[in-house]
Amino acid sequence: MLSFILKRVGQSILVLLITGLVAFSMFTFVGDPIDNMLGQERTMEDVERLREQLGLDQPFVVQYYRFLEQAVQGNFGVSYRQGRPVAEILLERAPATLELAAVSGVLAIAFGIALGVFTAIRRNGIAANVIMSASLIGVSLPTFLIGILLIYLFSVELGWLPSFGRGETVDLGGWTTGFLTVSGLKALILPSITLGLYQMTLIMRLVRSEMLEVLRQDYVRFAKARGLSDRVINFRHALKNTMVPVITVIGLQLGSIIAFAIITETVFQWPGVGLLFINAIQFVDIPVMAAYLMLISVMFVGINLLVDILYAFIDPRLRVAA
Amino acid sequence: MLRYSTALAMMLALPAAAEDFSFAVTTDPQTMDPHAVNSAPVLGFLNNVYEGLVRRGKDMSIEPSLAVSWEPIGEGSGWRFHLREGVKFQDGADFNADDVIFSYQRASSEEADTSSWFAPVSEVVKVDDYTVDIMTTAPNPIFPDSIANWMMMDSGWAEANGAARPDKEQGNFATLNANGTGAFQLVSREPDLKTVLEPYDGWWDTAEHNLTRVEMTPIQNSATALAALLSGDVDFIDPVPIQDVARLKQNPDVQVIQGIEARVIMLGFDQKEGAAESGQGGADMFLDARAREAVAHAINVPAILQTIMRGNAEVASQLVSPAMRGFSKSNAAPYSYDVDAARSLAQEAGLTDQTISFKCPNDRYLNDEAVCQAVTAMLAQAGMTVSLDTMPVSNYWPELRANNFDMYLLGWSPGTLDAEHPIRFLAATPNAEARLGSWNFGGYSNARVDELLPKIQSEIDDTARQSMLDEVAGTLQDEVAYVPLYVQPLVWGARAGIELTQRPDNFFILRWVTVN
C-alpha cells in the first residue's frame, strides 16, 4: 500500500513539473512585459537593463528553474504589475473565488439534485418537460452571455442587484468575506448563478437519468408491491442508489468550478484569482501567471491523487495491479 | 433617480449622500508612486492627490500650482520658480524648497521612470526656502510645460517610510500610500479592487467640487462597465465603447461626453536600408517616398471615421492634433484621397508586385484592428497586396523592435502637449545615447530634421520656434515620414446631473466634478 501511494505521489510531482515547464514555454508567446512596465519615454537601454534585471533574457528553462528554486522556499516572486509579493496577492484574492465557488457549488448541487429527482419522478409532466428544455440553455449558452443577460435584467432593467463587484466585505483576520453584509450577499447572487448554472444542469441531467435507471430496477418494483409509499421508495431507496456516480462527478466538478471561474469573474468584475489571472495575462505578469497555473495544477493533481488513493482503499484489485 | 440611489445604497450598505462619487476605469493605476511609472493611468489619477510646481487648467494651459510664478534666468540658463508659501502636505508637513530638491532627486534618479523629463536639467539649486532655480544645459523655453506631471513629494515622509527612491520592481511604502498636497487624499488603496479618496481639508486652493468621498474601481470588461453606469452602480466610466455611444445618447439618465484626445493614430514604414534585416520578403519597399505617398493617397480616412469611429474622430494632418502647442497651421491639409494617383505611384515605386507586411495591435487603441482591416482593404483597391497581422499589444512592441514589419500602426500622445515631442521620439534619427528617436521603429532619418530639433528645443522666441516647427512638419509631410490618419476620440460616460471637465490628455480631474 505504501509503495502504491509513494508511486502515485511521485507521478503527481512529475505531472506538476511538466505542467510548469509547458506553462513557462508558453509565456514567451504571451508577449513582453517590459513595455508595460516602462513608460512612453523609455529608451532601448532601459528596456535591455530591465529585461536583464528580471532575468527575461534567459531561456525559459532557466527562468523555470529559478522559479522552482524560489517556489520551494515559499517565494513566488513579485508581481510585475503591482510590485507586491505574489503570494500576498493570491491570498488576498483567494477568499473571493472560494466563496463564489462554494455558493455556486451548493446551488448547483441542491437545485441539480432536487430538479433531477423531480423530472425523473414526473417524467411525463409538463413542468418536468419545461425544466428539461430550459436546462438546454444552461448547457449550451456560453457563461459570459448568461452573465451579461442576468446583469442586463436584474441590474440595469430592474435595479435589484449590483452589476459588478463583491459589495461590502468584512475582514476576518485575513479572510475577507461577503457573507456577513447585505450588499455582499446580494453581490453573490448573479455571479454564483452564472458560474453554477452549467454544473447544475449537468447534475440535474445525471441525477435524472440515474434515477430513471434505478426506478426500473426490480427492488423498486418489489418495494411498490410491499405497499411502501412513493415518498419512501423515491427518496429512501431510489435516490440513495442514484447518488454513487453523482458524488464522483460532483467531486470532479468542484475543481473545475474554481478553475473556470475566470470568465464569470471577468464579466462581474469579481475580485478573485481568476480575474487576477486574466489581468496578469494582459500585462504579461509572469510571476502571477506562473503562481496561478501552479496553484491550479496542484489543486487538480491533489484531487486526482486523493481519488486514486481512495479508490485503492475501496478496491483492492487496484493495489495488486500497482 | 430613485433607482440610482437604491442601487448605490445597496452597494455601499449605507445611506448614499449625493456627493459620494464612484467611477470605473479600464486600467487600475499600477502604483501610487508618482515617480515610479510614467503612464497615463498613474499620472492621471495621482494628479488628484499630488501636485507639481505648475498644473494644467481646463484648456490645458499651464497655470501656477505649488509655484506662484516663474521666470527664465539670464539668457536661458534655467528657470527660477517662486514657491507658494503656507502649503501643507496631507500629513501636515510644510512644503518648501527642500521638497522640490528632494522630488527632483527622486524623480530623476535611475530607479524612476520619469527621469527623461529631467534630461535637459543640469542642476536644481535652492535659493531660499521658497525659491528654487532649475538650471538647464541649454535654453529650454518649454521646460515649465514639460513638468506639469512632476509631482512634489515630502522628503521627510518619504525618508521616514523608506521610500526615498521609487521601487517599481519590488514596491515600497509609496507604492500603496500617498502624501501629496492636492485636493484629495488617499484613504484606502486595494490594488485592482478599490481606491478611495476624500477631500483634503487643508488644500491651499478653493475647492470647486462638491464631493465628499470618491471611489475608483477598475472594470476591464467594457460591457460590465456600461452596465454599471446604466444601473447606477458607478457615476462615471471611461471609456464608453464607440459602438454604444448612439444608444447611450438616447438614455436620459446618462450623458456622453465626447472630445478629441491628444493621441494621433498614424501609419509608420520600414525605411531602414538593407534587406537582410527585415523579417519578411520585400524589404526596402518603403525606402522610396513614392511608395509611402501611394499609401497616403489610397486611404480614405473620412470613410474610416464615418464607419468604424461612427463619426467621433477628426482627420489628422501631422503628428500632433490642432489642440497642441506648436501645431503647424501652414501644414494643416491632410493627404488627399485619390485612388488613381495612389495606384500609379505604387506602380512607379514597384510596390504592386510585393506583399506589404502590415503589423497592427488589436487591444491598444480604439478599434485598432478594424481600422487596420479597413486600411488593408483600401490599399488593395489601389492595387497593393497587404498581409495584415494583428496581435495583442504585449506581443506588438517586441515585434516592432525585432523589425518584423514593412508597415505598422502607431498612436502617439505627446506627453508635453507640444509638437516638439513627436519629433524627438518619432522623427529624429534613432540614437540611444542622446535618447532620441526611441519610438522611431521605421528608422526615418532626415539630417535637416535632426539639425532643427535641438534648435527648436532651445529657441526662446515663439515665432522663430514656430517657423522651425512648420519647416519640420512640412518636411515630414513632403517625405511622407508617417501617414497621420486621425486624432483618437475621447468618449466618457456619466450619470445625468454630473458636471465635469474633459481634457485632451484624458486625465479625469476630480476637483472639477460636481454632483447635482
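Note on naming: letters A, B, ... go to the chains in the order of the sequence lines (proteins, then strands), and numbering restarts at 1 for each one.
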Chemist: What residue in P392(B), A24(B), S413(B) has the most heavy-atom pairs under 4.5 Å with chain A?
Modeler: S413(B)
Chemist: Using a heavy-atom distance cut-off of less than 4.5 Å, which residues of residues 109-116 of chain B contact chain A?
Modeler: E110(B), D113(B), S116(B)
Chemist: Of all of G415(B), S39(B), A227(B), which one pairs up most often with chain A through heavy atoms under 4.5 Å apart?
Modeler: A227(B)
Chemist: Please look at V47(A) and chain B and tell me whether the side chain, the backbone, both or neither of the residue comes under 4.5 angstrom of a heavy atom of that chain.
Modeler: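 Only the side chain of V47(A) comes within 4.5 Å of chain B.
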Chemist: Say whether D192(B) and Q82(A), considering side chains only, have a donor N or O and an acceptor N or O under 3.5 Å apart.
Modeler: yes
Chemist: Please indicate whether M299(A) has more than 12 foreign heavy atoms, meaning atoms of other residues, nucleotides or ligands, lying under 6.0 Å from its CE.
Modeler: yes
Chemist: Between side-chain atoms of residues 258-267 of chain A and protein atoms elsewhere (two or more places apart, or another chain), which donor-acceptor pairs fall under 3.5 Å?
Modeler:
from    : atom 1 : to      : atom 2 : distance (Å)
E265(A) : OE1    : G274(A) : N      : 2.7
E265(A) : OE1    : L275(A) : N      : 2.8
E265(A) : OE2    : T97(A)  : OG1    : 2.7
T266(A) : OG1    : I262(A) : O      : 2.6

Chemist: Considering only heavy atoms, which portion of I219(B) lies under 4.5 Å from any heavy atom of chain A: side chain, backbone, both, or neither?
Modeler: both
Chemist: Relative to chain A, which segment of T31(B) carries a heavy atom at a distance below 4.5 Å: side chain, backbone, both, or neither?
Modeler: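 For T31(B), neither part sits under 4.5 Å from chain A.
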Chemist: Check residues 284-295 of chain A and write down every donor-acceptor pair under 3.5 Å in which the side-chain atom is one partner and the other belongs to a residue at least two apart or another chain.
Modeler:
from    : atom 1 : to     : atom 2 : distance (Å)
D285(A) : OD1    : Y80(A) : N      : 2.8
D285(A) : OD2    : S79(A) : OG     : 2.6
D285(A) : OD2    : R81(A) : N      : 3.3

Chemist: What option among H421(B), K194(B), M391(B) has the most heavy-atom pairs under 4.5 Å with chain A?
Modeler: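 So the answer, after comparing H421(B), K194(B), M391(B), is H421(B).
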Chemist: With sequence neighbours excluded, what pairs up with D32(A) under the side-chain hydrogen bond (donor to acceptor under 3.5 Å, both in side chains) test?
Modeler: R51(A), R401(B)
Chemist: Nearest 0.5 Å please: distance from the CG atom of L176(B) over to the OG1 atom of T195(B).
Modeler: 9.5 Å
Chemist: Should we say atom OH of Y152(A) is surrounded by more than 12 heavy atoms from elsewhere, each under 6.0 Å from it?
Modeler: no
Chemist: Heavy-atom pairs under 4.5 Å with chain A are the metric here; pick the option from P29(B), A40(B), G437(B), P218(B) that has the most.
Modeler: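 Of P29(B), A40(B), G437(B), P218(B), P218(B) has the most heavy-atom pairs under 4.5 Å with chain A.
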Chemist: Under 6.0 Å from the OH atom of Y65(A), do we count more than 12 heavy atoms belonging to anything else shown?
Modeler: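 12 or below, so no.
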Chemist: Is F144(A) in contact with chain B via its backbone, its side chain, both, or neither, using a 4.5 Å heavy-atom distance?
Modeler: neither
Chemist: I'd like to know which of R424(B), R435(B), Q170(B), Q220(B) tops the heavy-atom pair count under 4.5 Å against chain A.
Modeler: Q220(B)
Chemist: Centroid-to-centroid, F60(A) to F27(A), below 6.0 Å?
Modeler: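 So the answer is no for these two rings.
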Chemist: Given 3.5 Å as the limit, does a donor-acceptor pair link the side chain of Q63(A) with the main chain of F24(A), or not?
Modeler: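 Answer holds: no.
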Chemist: Quick check on L50(A) against chain B: is it the side chain, the backbone, both or neither that has a heavy atom closer than 4.5 Å?
Modeler: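 Side chain of L50(A) only, per the 4.5 Å heavy-atom cut-off to chain B.
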Chemist: Who wins among R49(A), Q282(A), R93(A) for the most heavy-atom pairs under 4.5 Å with chain B?
Modeler: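 The option with the most such pairs is R93(A).
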Chemist: Kindly say whether the aromatic ring centers of F118(B) and W150(B) come within a distance under 6.0 Å.
Modeler: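 Ring centres of W150(B) and F118(B) closer than 6.0 Å.
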